[in-house]
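Heavy atoms only: backbone and side chains are in, while hydrogens, waters and symmetry mates are out. Chain letters run A, B, ... following the sequence lines, proteins first, then strands; residues in each count from 1.
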Number of protein chains: 2
Amino acid sequence: MERKEHFSRKRLAILEALKGTTCHPTADWVYGQLKPQYPDLSLGTVYRNLKRFCESGQAMSVGVIAGYERFDGNPAPHAHLVCRQCGAVVDVCGLPISMEELGKLSAMTGCQVESASITLKGLCAACVKDGKTA
Amino acid sequence: MERKEHFSRKRLAILEALKGTTCHPTADWVYGQLKPQYPDLSLGTVYRNLKRFCESGQAMSVGVIAGYERFDGNPAPHAHLVCRQCGAVVDVCGLPISMEELGKLSAMTGCQVESASITLKGLCAACVKDGKTA
DNA sequence: TCAAAAATAAGAATGATTGCTACTTTACAA
DNA sequence: TTGTAAAGTAGCAATCATTCTTATTTTTGA
């Protein structure tokens with residue numbers, strides 16, 4: 001018998017804040033977003049729930065960027081670009097890696113590849129427009 | 001007039017320790033390797049030089065894995081697999097991403113992609129052999 | 001409404017990384 | 001070699017994102 005998953009109001013609010021943005025926020029950003037509406041929200045709660053969402057597959061971690069872990073409410077595999085100018089993390093579609101290729105890699109190397117993440121570095125579209133191409 | 005790069009004995013030893021392993025070590029690992037031979041070596045020196053090598057292109061960071069930054073003495077682009085069982089970081093050749101594709105991505109998205117890093121998750125060959133496939 | 005289980009707040013603790021200052025080492029010229 | 005200015009380092013102290021702890025509150029299911 002499957003135990004029903006609990007969803008407190010705050011947990012739900014954290015998940016919605018995460019799903020409702022494409023900025024790949026830090027825990028602290030989510031905390032700042034929700035604090036006005038939930039004045040007694042604790043940063044620890046945000047951390048705990050973000051971790052939980054990643055473990056359950058409802059979200060994923062983009063990794064630690066400039067000292068902060070960045071989260072993504074979209075768990076579907078896709079690439080990210082980290083802008084070296086402004087620090088933004090933006091989604092990049094057209095993921096040029098397939099599960100087939102991962103299977104081939106597994107066979108070739110003796111490893112068992114289960115997922116792949118692609119992180120690009122460069123300039124985001126906004127910074128390119130601003131002429132910060134150099 | 002180009003200023004000649006200084007290479008103290010300790011800096012050189014740190015670079016050689018990094019180049020001489022494929023384990024993608026942490027700063028602390030390098031420190032532990034060199035401490036017997038250089039008893040007055042400071043962990044801060046290891047950190048500072050590893051950072052310097054990354055900035056100068058002599059090495060690269062694999063990113064923060066399980067709370068520790070991992071470094072790679074091979075700055076040529078290649079993928080890494082992080083074993084979810086034993087935590088090992090292993091090189092994966094046959095990098096399925098080309099600079100051409102990066103150029104296309106740049107054109108499509110308006111970003112300026114300058115480099116790409118691929119990180120795989122799964123089991124390393126050793127853990128697969130140990131039957132920890134599940 | 002009630003009791004057990006789960007979740008949270010608040011703040012302390014952790015620990016990798018970086019900063020700081022006085023001391024060494026190095027490079028280079030005379 | 002020897003002097004000296006610049007670069008590098010040791011040894012801690014400080015930082016600060018993240019995790020842990022405990023008492024309290026909320027939620028769930030009956």
Side-chain angles (χ1 to χ4, degrees), chain A residues 1-18 23-56 58-72 82 87 89, chain B residues 1-18 23-56 58-72 82 87 89:
Chain A
M1 229 187 290
E2 183 93 11
R3 181 180 297 269
K4 183 182 175 187
E5 189 176 19
H6 289 206
F7 258 100
S8 71
R9 246 183 313 157
K10 284 169 184 173
R11 173 171 298 162
L12 198 56
I14 292 167
L15 186 57
E16 284 175 349
L18 181 61
C23 77
H24 308 85
T26 63
D28 197 64
W29 184 93
V30 173
Y31 176 72
Q33 289 292 113
L34 297 177
K35 190 68 173 173
Q37 195 176 349
Y38 300 87
D40 67 344
L41 179 66
S42 177
L43 184 54
T45 295
V46 176
Y47 272 107
R48 182 162 23 81
N49 281 293
L50 288 176
K51 188 177 181 181
R52 182 192 173 107
F53 297 147
C54 290
E55 286 168 351
S56 70
Q58 294 168 97
M60 59 177 290
S61 170
V62 187
V64 178
I65 296 170
Y68 295 80
E69 181 158 21
R70 306 287 291 256
F71 296 90
D72 191 335
V82 179
V89 177
Chain B
M1 230 187 291
E2 184 92 13
R3 183 179 295 268
K4 184 180 175 187
E5 189 175 18
H6 289 209
F7 258 100
S8 71
R9 248 182 311 156
K10 285 171 183 171
R11 173 172 298 163
L12 197 57
I14 292 168
L15 185 57
E16 284 175 349
L18 181 62
C23 77
H24 308 86
T26 64
D28 197 65
W29 185 93
V30 173
Y31 176 73
Q33 288 292 114
L34 297 177
K35 190 69 175 173
Q37 195 177 348
Y38 300 87
D40 66 345
L41 179 66
S42 177
L43 183 55
T45 295
V46 177
Y47 272 107
R48 180 159 26 81
N49 280 291
L50 288 176
K51 189 177 180 181
R52 182 192 171 109
F53 297 148
C54 289
E55 286 168 351
S56 70
Q58 294 167 98
M60 60 177 288
S61 170
V62 187
V64 178
I65 296 170
Y68 296 80
E69 181 159 21
R70 307 286 291 257
F71 296 90
D72 190 335
V82 179
V89 177

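- The NZ atom of B:Lys51 sits 18 Å away from the P atom of C:dA16 (whole-angstrom rounding).
- End-to-end axis angle of the helix from C:dT1-D:dA30 to C:dA30-D:dT1, from C1' rotation axes over five pairs per end: 40° (rounded to 10 degrees).
- Whole-Å rounding puts the A:Tyr47 OH to C:dG11 C1' distance at 15 Å.
- As judged by a 4.0 angstrom heavy-atom cut-off over every strand, B:Asn49 is placed among residues touching the sugar-phosphate backbone only.
- Rounded to an integer number of Å, the gap from A:Arg48 CZ to C:dG11 C1' is 14 Å.
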Checklist entry - Can you list the steps and then say if B:Arg52 with B:Leu15 is a side chain to side chain contact (heavy atoms under 4.5 Å, CB included)? => result CA-CA 10 Å; B:Arg52 182 192 171 109; B:Leu15 185 57; over 6 Å; no
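- Looking at residues 61-69 of chain A, you'll see that no heavy atom sits under 4.0 Å from any atom of DNA chain C.
- With rounding to whole Å, A:Tyr31 atom OH is found 12 Å from C:dG11 atom C1'.
- Separation of atoms CD1 (B:Ile14) and CG (B:Asn49) is listed at 4.0 Å; rounding is to 0.5 Å.
- OP1 and OP2 of C:dA6 both lie 4.0 Å or more from every side-chain N or O belonging to A:Ser8.
- Side-chain N/O atoms of A:Lys10 include none lying less than 4.0 angstrom from OP1 or OP2 on D:dT25.
- In this structure, A:Arg11 does not reach the D:dT27 phosphate: none of its side-chain N or O atoms is under 4.0 Å from OP1 or OP2.
- For A:Ser42 against C:dA10, a side-chain N or O and a base N or O form a donor-acceptor pair under 3.5 Å.
- Side chain of A:Arg9, nearest nucleotide from D:dT27, D:dA10, C:dT8: D:dT27.
- Here the CD atom belonging to A:Gln33 is positioned 13.0 Å from the CD atom belonging to A:Glu16, to the nearest 0.5 angstrom.
- Here C:dA10 presents its P atom at 9 Å from CG of A:Leu41, a figure rounded to the nearest Å.
- Whole-Å rounding puts the B:Asp40 CG to D:dC12 P distance at 13 Å.
- Distance, B:Leu43 CG to C:dT18 P: 10 Å, rounded to whole Å.
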Next on the checklist: Under the criterion side chain to side chain contact (heavy atoms under 4.5 Å, CB included), I'd like the reasoning laid out for A:Thr26 against A:Arg70: C-alpha separation, chi angles, the key distance, then a yes or no.
Outcome noted: CA-CA 5 Å; A:Thr26 63; A:Arg70 306 287 291 256; 3.6 Å; yes
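- Contact between the side-chain N/O atoms of B:Thr45 and the OP1/OP2 oxygens of D:dG8 is not found at any separation under 4.0 Å.
- At whole-Å resolution of the value, CG in B:Leu50 and C1' in C:dA16 are 14 Å apart.
- Separating the CG atom in B:Leu43 from the NZ atom in B:Lys35 is a distance of 9.0 Å, to the nearest 0.5 Å.
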